[in-house]
Structures are given as C-alpha cells and as structure tokens.
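Scroll down for the structure; my scribbles are underneath it.
Letters A, B, ... mirror the listed sequences (proteins, then strands); counts begin at 1.
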Protein chains: 2
Amino acid sequence: MNDKFYTLPMEKQHTILNAAMHVFSKYEYKKCSTEEIAKKAGISKALLFHYFEGKKDLYLYLYQYALDFFVREMSKTHDYNETDYFKILVNAQMNKMDILRVHPDLMQFLVKFYLEENPEVYDEKNKEFAAILSESSKRFMDRADTSKFKEGIDAEKILNIIVWMADGYMRSRTEKDLENTDRINEEYLEYIEIMRRQCYKEEYLV
Amino acid sequence: MNDKFYTLPMEKQHTILNAAMHVFSKYEYKKCSTEEIAKKAGISKALLFHYFEGKKDLYLYLYQYALDFFVREMSKTHDYNETDYFKILVNAQMNKMDILRVHPDLMQFLVKFYLEENPEVYDEKNKEFAAILSESSKRFMDRADTSKFKEGIDAEKILNIIVWMADGYMRSRTEKDLENTDRINEEYLEYIEIMRRQCYKEEYLV
DNA sequence: ATGTCATTGACCGATTCGGTCAATGACATT
DNA sequence: AATGTCATTGACCGAATCGGTCAATGACAT
C-alpha cells in the first residue's frame, strides 16, 4: 500500500474501497478483475496500481481495513450494562446499518474473504472473522436476559430466527431502498417487535 | 442440444446438469467457464460441446429444464384442499427439499438466471420465474386460513419471517449437512413449530 | 477385420488477465 | 514565462483463459 492513498480526501478513499469491496464480495478472488474495480471506482487501472502494489496487496489491505472498521463501529455505541435481550439485538442491528451506510458491501466482503480458499491469498487470517464474530456476539449477548421469555421458548433458536430474519430483510431491500435508512430501521423494528411480543411473558409487554 | 444427451443414463445426465447449475448459480453468465462445468461433471470440455451446441445453448436448455422440473415437482404432492397455513408451508418446504436433493443448486440457478442482464442471453423468458413463483405462491396460499391466528398478528409479515427463516436455515447448512435429509427436515419442522405456536390461538394448539 | 461412435488432448484465434510505463496535464514555485 | 512536481492515464506487455474445433484414440458390436 502506497502512503499517498491516505492523503486522498476521505470521500475518494471510500469510493475506491467501496468499489473494491463491491467486486470482491461478488465472486472469489481469482474472478475479480482490477479493471472492474477501477471502473467502478471511476479511476484508471494504472492509478489503482499507483495506490496499491498489486491485486493481492489491495485485497489484504481491504480485509484489514474492513475488519477494523467493523469491530470499531460495532463496539462504539454498545451498552455493556443493557440486559434486555431485544434492546441489545436492536442496538446491534442499528450499528450494522450505520456500517452499511458507509460501506454497503462490508459484511458480504468479510464473509467472502472468510470463505476464500485460493492458496495465493490464504493464510490464518481468513478465519479471524468467524472467531471475532462469534466471540463478540457471545460478549454482546452475555448479559442478555432470557428470564423474561415465556416457558418452553428456546432462546438459541429464537436468536437464529432473528438473525436469519434480519438477513432476509436486508437482502429483500433493493439498493435504492437502502438510501432511506430511517424507513428501513422503522420497518425492521416492526419485525423485531413481532418476535418480542411472541417471546416475552405478558408482564414484560408494556 | 444434441439428442444423444437423452440416451445417457439418467444419473449421468443429472451429473452434467448439476455441474452446470452449480457453476451458473455461482457467477453471472459471462464469468462461467465451460471448462469449469466440464471438470465439475467429470468429463472433457469437448464432450460437453458434443452434447450441447454451445455455452448459450446449454444455459438456455438448463433454464427450461430447471423451471419445468421446479414447477412439476412443486405441484406434485400439493394438496389444494388443505387450508391450514402451516401445513401448506411445511408441505411446500418438503417439496423444495426433495428438489434440492436431486438438484442441489436448482433454486439458486433460477434466481441467478432471473437476475442475469447480459444481452447475449437475455430475453423475455428471464422474468418468467418471478411470475411463476409469485403466482404459484399465491395459488398455494390461496386457501390458507389465517383465522386461526391470534388477534393483531400480521399474516403477511409472518409469512415473510418464515420465508426468510427457511432461507437462512438452508443457507446455514453445509453441503455435508444436506446429505442427511431426514435430520434437516426434522430440525426445520422444529423452527416452523416455534412460529406456529406463537401465531395460533390457544384452541388450535393441540 | 471392420465399422461405429463416445471421448479426449491438443490446439485455434480472440479476449482478458495483472501489471508497466512513457506521456499528459494540472498546478505550484521560481 | 519557464521549470519542476506529481497525480493520472491510454496504450501496451506477456501470460493466462475464454468458447469452440478437430483429428486421433479406444471401447465395443458386428
């Protein structure tokens, strides 16, 4: 990575990084062309190679950047004293939305990176993401209180349903939808509320 | 398409079709190589071109085959007299599982085909799938009875949650998991049952 | 011994790949 | 106006890969 990249205005940096994330999140490493990234970023391929030493360099830098950004943003507004199961979930989702507003393909890129098997770019770092994800989700949900749940509710399965639901909901939104963040959040909260009303004992549903 | 393809044993036909579906479901048309398909099918590229006139021919034949197979199998065991919301859903899911057992990438291939925008292979057929899907889902859910639902339950949102949940559940299974169909069905039913218990009035939960 | 036909490795020209470089142009300094 | 600096690019490189072809192989029936 060339230090000159940092001297670019933040907006241009993001344009380039987002273009790279977009392409790298679509296919495996080998099928991603630097030409496509450059075109998406609105610059020439030559300039892209001026900022980064090569395709591999860009790819690995991008991963480090994305992972750092993800961890930093997710921790930012997390309240470690909150114990309400659904409030924790909603807060986490809001953080995720904020991330996606800056880097729309960040999550998918991290997943693709995690699944990448090309030996050319494979090292032990590829599995970091899963570890961090499960560790932080454990840490986030650590204080989560399931005692408010009705009898016979399997909290683990409920968490799965909510995660799948959130994923499906986001996937069902088009690129244009995503611009209206408030509308998205509002609608998403309705879905979370459905699950909450089904899971909590009557006394906690005020 | 060469008629000799039909003279192959069914198993070999499926091997080739599945290999093609697998590759075509991964990336857009242009990025899919016939070499990769042939390798996955365990035959030479030359033989693949012996059975099909070209890449485009294979692609379009595959779509027609997949769509026909999907429609036929989904209708096969559907009971048009059933009115129970969740029984209809479970039955549809079972049909889907049966399809995936024969052609693991059929659904994803149909979706990718629907999203394909390459003018080289684009025609009005690309949008058939969405129409058929929404029409048949409407037809399937036509008799579905939501009167058993508790007060204040939004059936449409529930249906979304269940679809997203089913999608997320399938996605979370690895290729190896999918071999054990019974286990999958059993576990899936547990998730459906959770949603059913939350949605139905007490009197219908026996 | 001959004919049939599925199957393949080697090859084609065209395109695309990651990467390079000389040339351009905008702008600051003198 | 002349010079220097440096971001930016179009044109280009050899190598790899693309869709597709074909002569040769080999298994098997007659």
Side-chain angles (χ1 to χ4, degrees), chain A residues 1-17 19-24 26-63 112-113 116-122, chain B residues 1-17 19-24 26-63 112-113 116-122:
Chain A
M1 227 274 298
N2 192 324
D3 280 340
K4 286 167 204 160
F5 181 70
Y6 288 127
T7 69
L8 288 174
M10 224 42 157
E11 191 191 327
K12 195 144 199 181
Q13 285 185 39
H14 282 170
T15 302
I16 294 173
L17 293 177
M21 275 189 225
H22 181 74
V23 174
F24 280 130
K26 267 164 64 187
Y27 349 92
E28 63 206 276
Y29 177 77
K30 202 180 49 182
K31 297 242 177 198
C32 296
S33 87
T34 53
E35 181 72 46
E36 192 178 344
I37 293 171
K39 191 188 256 177
K40 178 95 185 171
I43 60 175
S44 68
K45 191 173 62 167
L47 186 55
L48 187 65
F49 278 94
H50 176 62
Y51 291 133
F52 299 92
E53 285 164 28
K55 184 182 175 182
K56 182 177 173 181
D57 179 48
L58 167 60
Y59 184 67
L60 294 180
Y61 169 79
L62 197 62
Y63 169 67
K112 258 284 189 300
F113 188 95
E116 181 62 55
E117 290 187 338
N118 188 332
E120 205 177 329
V121 291
Y122 187 91
Chain B
M1 227 273 299
N2 191 325
D3 280 341
K4 287 167 202 160
F5 181 69
Y6 289 126
T7 70
L8 287 175
M10 225 39 157
E11 190 190 329
K12 195 143 200 180
Q13 285 186 40
H14 282 171
T15 302
I16 294 173
L17 293 177
M21 275 189 224
H22 181 75
V23 173
F24 280 130
K26 268 165 63 186
Y27 345 94
E28 60 206 280
Y29 177 77
K30 202 180 50 182
K31 296 241 177 199
C32 296
S33 87
T34 53
E35 181 72 49
E36 190 178 345
I37 293 171
K39 191 188 255 178
K40 178 95 185 170
I43 60 175
S44 67
K45 191 174 60 167
L47 185 55
L48 187 65
F49 278 94
H50 176 62
Y51 290 133
F52 298 92
E53 284 163 28
K55 183 182 174 181
K56 181 177 172 180
D57 178 48
L58 168 59
Y59 184 68
L60 294 179
Y61 169 79
L62 197 62
Y63 169 69
K112 259 283 190 296
F113 188 94
E116 181 63 54
E117 290 187 338
N118 189 331
E120 204 177 332
V121 290
Y122 187 92

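- Here S33(B) lies in heavy-atom contact (under 4.0 Å) with sugar-phosphate atoms only.
- Between F24(A) and Y59(A), the ring centre distance stays below 6.0 Å.
- Applying the Watson-Crick and G-U wobble criteria (two distances, each under 3.5 Å), dA24(D) pairs with dT7(C).
- Within residues 49-61 of chain B, the residues that have a heavy atom under 4.0 Å from DNA chain C are, in order of number, H50(B), Y51(B).
- Shown here, dA29(D) forms a base pair with dT2(C); the pair counts as Watson-Crick or G-U wobble because both key distances fall under 3.5 Å.
- In the displayed structure, K26(A) atom NZ is contacted under 6.0 Å by more than 12 heavy atoms of other residues, nucleotides or ligands.
- Listed for the K4(B) side chain is no donor-acceptor partner under 3.5 Å among the backbone atoms of H50(B).
- On the nucleic acid side, DNA chain C contacts chain B at distances under 4.0 Å to non-hydrogen atoms, with the end points of that region at dA6(C) to dG9(C).
- Between E36(A) and K31(B) there is a salt bridge, with a side-chain nitrogen of the basic residue lying less than 4.0 Å from a carboxylate oxygen of the acidic one.
- Counting non-hydrogen atoms under 4.0 angstrom, K4(A) reaches the backbone sugars and phosphates but no base.
- Proximity of K56(A) to Y29(A): side-chain heavy atoms (C-beta onward) are separated by under 4.5 Å at one or more points.
- As the counterpart of dC18(D), dG13(C) is assigned, both hydrogen-bonding distances of the Watson-Crick or G-U wobble pattern falling under 3.5 Å.
- A tilted orientation is assigned to the rings of F5(B) and F52(B), their planes being inclined by 30° to 60°.
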Residue pair Y6(B), Q13(B): steps toward the side-chain hydrogen bond (donor to acceptor under 3.5 Å, both in side chains) verdict: CA-CA 8 Å; Y6(B) 289 126; Q13(B) 285 186 40; over 6 Å; no
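- Within the 4.5 Å cutoff, side-chain heavy atoms of I37(B) are placed close to those of L58(B).
- Nearest-nucleotide mapping onto DNA chain C: of K31(A) and G42(B), the residue sitting toward the 5' end is G42(B).
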